[in-house]
> 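Quick one: structure below, then a few questions.
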Amino acid sequence: MTAVERVLPLLDPPPAEPDVSRGYLDLLGEEAGPHGTLAQRLMRSGFLPKIYEDLWRPVLFGLSKGPLGPSLDEEYALARDWLDLAAVPDGTVLDVACGPGNITRALAAGMTGHGLVVGIDASSTMLDRAVAETVRPTGRGENGAADVAYVRGDAADLPFSDGVFDAVCCFGGLYLFEDPWTAIDGITRVLKPGGRVVFLTTRRPEIPLVGPGIAALSQLTGIRMFGADDLCQALRARGFTTLRQRAYGLMQFVGGTRD
Ligand SMILES: C[S@@+](CC[C@H](N)C(=O)[O-])C[C@H]1O[C@@H](n2cnc3c(N)ncnc32)[C@H](O)[C@@H]1O
């Protein structure tokens, strides 16, 4: 069974005629995808996916995390650790807003059994890149033993059945969503009880004079700046326990375990 075929039983409802013509399962077809902020339009462009992993991600995330922030490898290690992937070697893991699959592949590399990591994103250009960068896109992942599959779908309306994932990762996505709280509801829904989640998202600096400038930039670009407690509160309200948080510059990692 290919990796994409392993995704079909997780879907609700499964598509009558699955479109896998571009190497990922396309559930949006001609739909343009989520709303048209400047940031969202960039994600859908043909240009950004080409420079995303080598330039955009290291430079912009590096600046946002600040000099004390983790390196990319440390981010990967944090995701695997907070999601406790070692405990679910054959598990199912979802990477929300997977972009070109950089985190998806890193998660798969951290799984030792015959697990499945599913990356979901709304951008066809990002997913084209993800497929091209993933060795054997319909088979085993690049480094680890886990399968890797990609789905084109909306993170705010996850197309999966309830309680099918052992872990969900969402790095660099939540601040782009029109309604991140609905997306968190969906992530909670698709997690198994005891499943873990980890987010990497923005953090609003609490500096009085900088505030209005950040708010204007956020308005212009469509990038939401989350308060330091917003995500922990949202997870607590949805019954998550064992919350963890680490803040670096304008970014924060937040994780928890579903009740
Ligand atoms: C900055 S990239 C993050 C890639 C990767 N997770 C990382 O950490 O480097 C953000 C991705 O979110 C996707 N995205 C934004 N809104 C989305 C939505 N509503 N549903 C699915 N994907 C979305 C964009 O298409 C883009 O590929």
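In listed order, ligands and their atoms are each counted from 1. Below, each value reflects all heavy atoms present in this structure, side chains not excepted, and no hydrogens, waters or symmetry copies. What you see is a predicted model; the values in this text were computed from it and never measured.
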> Could you list which atoms of ligand 1 come closer than 4.0 Å to a heavy atom of A155?
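Every atom of ligand 1 under 4.0 Å from some heavy atom of A155: 18 (C), 19 (N), 20 (N), 21 (C).
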> Working note: L231 + L174, criterion side chain to side chain contact (heavy atoms under 4.5 Å, CB included); need CA distance, chi angles, decisive distance, verdict.
CA-CA 10 Å; L231 285 184; L174 211 53; 3.6 Å; yes
> Classify the contact between D121 and ligand 1 as side chain, backbone, both or neither, using a heavy-atom distance cut-off of under 4.0 Å.
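Under 4.0 Å from ligand 1, D121 contributes backbone and side-chain atoms.
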> For ligand 1, which atoms, with element, lie under 4.0 Å from some heavy atom of F171?
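With F171 as reference, the close atoms of ligand 1 come out as 3 (C), 5 (C), 6 (N), 7 (C), 8 (O).
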> Under a 3.5 Å threshold, yes or no: a donor from one side chain and an acceptor from the other, between S123 and D121?
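No.
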> Quick one: sort the F160 and F165 rings into parallel, tilted or perpendicular, breaks at 30° and 60°.
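F160 and F165: perpendicular rings.
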> Looking only at heavy atoms of G153, does any of them come nearer than 4.0 Å to an atom of ligand 1?
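It does; at least one heavy atom falls under 4.0 Å.
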> Are side-chain heavy atoms of M126 and L48 found at a separation under 4.5 Å?
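Heavy-atom side-chain distance check passes, below 4.5 Å.
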> Is there a polar contact between ligand 1 and L176, counting only N or O atoms under 3.5 Å apart?
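No, there is no polar N/O contact under 3.5 Å.
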> Tell me whether the count of non-hydrogen atoms from other residues, nucleotides or ligands lying under 6.0 Å of CD in Q219 goes above 12.
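Incorrect, the count does not exceed 12.
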> Evaluate M126 for polar contact with ligand 1, using N/O atom pairs at a separation under 3.5 Å.
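The answer is no, given that M126 and ligand 1 share no N or O pair closer than 3.5 Å.
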> What are the atoms of ligand 1, with element, lying closer than 4.0 Å to any heavy atom of G172?
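Those atoms are 1 (C), 2 (S), 3 (C), 10 (C).
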> Do L60 and Y52 belong to the same hydrophobic cluster, where Ile, Leu, Val, Met, Phe, Trp and Tyr are linked whenever their side-chain heavy atoms lie under 4.5 Å apart, directly or via other members?
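Linked, L60 and Y52 end up in one cluster.
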> Taking only non-hydrogen atoms of Y52, do any sit less than 4.0 angstrom from ligand 1?
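For ligand 1, residue contact (heavy atoms, under 4.0 Å) with Y52 is present.
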> For a quick test of reading the model, state the closest non-hydrogen atom pair linking G23 to V4 and the distance between them.
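That closest heavy-atom pairing would be O-CG2, 4.3 Å.
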> With heavy atoms of Q40 as the reference, note each atom of ligand 1 found under 4.0 Å away.
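Those of ligand 1 that fall under 4.0 Å from Q40 are 15 (C), 16 (N).
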> Hey, which atoms in ligand 1 end up nearer than 4.0 Å to a heavy atom of S123?
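Counting from 1, the qualifying ligand atoms are 25 (O).
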> Give the atoms of ligand 1, by number and element, whose distance to some non-hydrogen atom of N102 is under 4.0 Å.
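Matching atoms, with element in brackets: 5 (C), 7 (C), 9 (O).
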> Do L63 and L55 sit in the same hydrophobic cluster, where Ile, Leu, Val, Met, Phe, Trp and Tyr count as joined when their side-chain heavy atoms come under 4.5 Å apart?
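The answer is yes; both residues are in one hydrophobic cluster.
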> Consider every N or O of D154 and every N or O of ligand 1, then say whether any pair is closer than 3.5 Å.
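Yes.
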